[in-house]
Amino acid sequence: MDWSLHVITDRNLARGKSHLQVAQAAIEGGATVIQLRDKEASTRELIEAGLALRKLTLERGVAFIVNDRVDVALAVEADGVHVGQEDMPANLARKLMGSNRIVGVSVSTVEEALQAEADGADYVSASPVFTTPTKPDAPSPTGLEGLRLIAGVVHIPVIAIGGINEENVEEVIKAGADGVAVISAVVAAPDITAAAKALREKIAMARRER
């Protein structure tokens, strides 16, 4: 499993592009995980988008995760689901998803990270590392030191998210993240493929140097 670059779709930032168009461009640039996130879509719309993304990600050998919705993840046979602290508890998500699918959990403290690991999470997203405009209700930023603390206590991959871009991604990887998840840095970029490619190159560079 390559956790390097998660690209999370967001229709409000996508300059009129569909979830599928965003994913196609991001994968072309090197995204290793595509996460479908659309809190405004109906269940039917999510399933239609999810089925298209499932087909694309299978063809391209990229992991596919659905945000929040275990039912949609199962319906479209996604690789996994990602839940937050206010969503379905991770242990229940694990029970429903089974042992062969991925469960990711958003955490902002060491305690939440340890609980997620105990509940069967395959990875945690340390969030937000920096202030992010795409999630105004997010908890206070963990900062790089908070990210280091979380990465130091769990034995599962830690994905950093929140305010990560081409300028700060290297220090995030050096702080212990196994990968990063981004929305605006890629989805809102004029050239999605170029933005994803630039991030992948900086992630690879930071790994060589740490």
Side-chain angles (χ1 to χ4, degrees), residues 1-10 13 26 29-37 62-68 79-87 90 102-117 121-189 192 195-210:
M1 179 75 189
D2 187 343
W3 301 99
S4 298
L5 179 59
H6 300 224
V7 172
I8 302 172
T9 64
D10 186 314
L13 295 174
T32 57
V33 180
I34 296 295
Q35 184 179 140
L36 172 61
R37 178 178 182 268
V62 172
F64 174 44
I65 291 173
V66 174
N67 184 269
D68 289 354
D79 293 303
V81 69
H82 184 92
V83 294
Q85 292 296 316
E86 304 300 322
D87 301 326
I102 298 166
V103 174
V105 180
S106 295
V107 302
S108 58
T109 67
V110 164
E111 291 74 20
E112 289 176 352
L114 289 170
Q115 186 62 55
E117 185 174 37
D122 294 291
Y123 72 91
V124 292
S125 284
S127 63
V129 177
F130 306 113
T131 301
T132 171
T134 56
K135 200 168 184 181
D137 59 339
S140 300
T142 66
L144 293 174
E145 187 53 33
L147 173 60
R148 284 191 188 91
L149 290 173
I150 290 170
V153 298
V154 296
H155 301 88
I156 54 179
V158 175
I159 310 303
I161 183 173
I164 296 168
N165 53 45
E166 193 178 341
E167 281 68 47
N168 60 27
V169 67
E170 288 181 84
E171 58 185 352
V172 167
I173 295 297
K174 290 177 181 176
D178 295 276
V180 301
V182 297
I183 303 176
S184 57
V186 169
V187 175
I192 289 175
K197 185 177 181 182
L199 282 169
R200 277 300 304 271
E201 290 174 352
K202 293 217 166 184
I203 290 167
M205 188 182 303
R207 283 176 171 165
R208 288 195 295 269
E209 294 175 354
R210 73 179 180 183

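- No donor-acceptor pair under 3.5 Å is formed between the side chain of Gln85 and the backbone N or O of Val107.
- Side-chain atoms of Val129 and Leu144, non-hydrogen and from C-beta on, do get closer than 4.5 Å to each other.
- For the residue pair Ala151 and Gly176, the shortest heavy atom distance occurs at CB-O, 3.7 Å.
- Listed by chain and number, the residues in a side-chain hydrogen bond (donor to acceptor under 3.5 Å, both in side chains) with Arg148 are Glu145 (sequence neighbours excluded).
- Scanning all heavy atoms of the two residues, the minimum distance from Ala90 to Val83 falls at CA-CG2, 4.5 Å.
- Using a 4.5 Å heavy-atom cutoff, the side chains of Val182 and Asn165 are not in contact.
- Between Val33 and Val7, the closest side-chain pair of non-hydrogen atoms is not below 4.5 Å.
- The stretch residues 195-206 participates, sequence neighbours left out, in no side chain to side chain donor-acceptor pair (under 3.5 Å) pair at all.
- Contact detail for Val124 and Ala116: the closest heavy-atom pair is CG1-CB, 3.7 Å.
- Asn168 contributes no side-chain N or O that, together with a main-chain N or O of Glu171, makes up a donor-acceptor pair within less than 3.5 Å.
- Using a 4.5 Å heavy-atom cutoff, the side chains of Leu114 and Val153 are in contact.
- Contact of the Val180 side chain with the Leu5 side chain is registered, since non-hydrogen atoms from C-beta on lie closer than 4.5 Å.
- For Tyr123, the ring-ring contact (aromatic ring centres under 6.0 Å, His included) partners two or more places apart in sequence, or in a different chain, are Trp3, His6, His82.
- Judged as a side-chain hydrogen bond (donor to acceptor under 3.5 Å, both in side chains), and not counting sequence neighbours, Asp178 has no contacts.
- Although no hydrogens or angles enter the test, the distance criterion places no donor-acceptor pair under 3.5 Å between the side chain of Ser125 and the main chain of Ala160.
- Between atom OG of residue Ser184 and atom CD1 of residue Ile164 there is a gap of 10.0 Å, rounded to the nearest 0.5 Å.
- Residues Pro157 and Met1 fail the side-chain proximity criterion, which asks for heavy atoms closer than 4.5 Å.
- Asp79 places a side-chain N or O within donor-acceptor distance of the main-chain N or O of Phe64, the cut-off being under 3.5 Å.
- Ile183 CD1 to Thr9 OG1: the interatomic distance, rounded to the nearest 0.5 Å, is 8.5 Å.
- Across all non-hydrogen atoms, the minimal contact from Glu117 to His155 is OE2-N, 2.7 Å.
- The CD atom of Glu170 sits 9.5 Å away from the CZ atom of Arg208 when rounded to the nearest 0.5 Å.
- Within the 4.5 Å cutoff, the side chain of Ile161 has heavy atoms near those of the Ile8 side chain.
- With sequence neighbours excluded, no residue satisfies side-chain hydrogen bond (donor to acceptor under 3.5 Å, both in side chains) with Glu86.
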_Determine whether Met205 and Ile173 satisfy the following criterion, side chain to side chain contact (heavy atoms under 4.5 Å, CB included), listing intermediate values before the conclusion._
CA-CA 10 Å; Met205 188 182 303; Ile173 295 297; over 6 Å; no
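- To the nearest 0.5 Å, atom CD1 of residue Ile203 and atom NZ of residue Lys174 are 13.0 Å apart.
- Residues passing the side-chain hydrogen bond (donor to acceptor under 3.5 Å, both in side chains) test with Glu112 are Ser108, sequence neighbours excluded.
- Taking each heavy atom of Ala26 and Ile34 in turn, the nearest pair found is CB-CD1, 4.3 Å.
- Leu147 and Ala177 get closest at one heavy-atom pair: CD2-CB, 4.3 Å.
- Proximity of a side-chain donor or acceptor of Thr32 to a complementary backbone N or O of Asp2 within less than 3.5 Å is detected.
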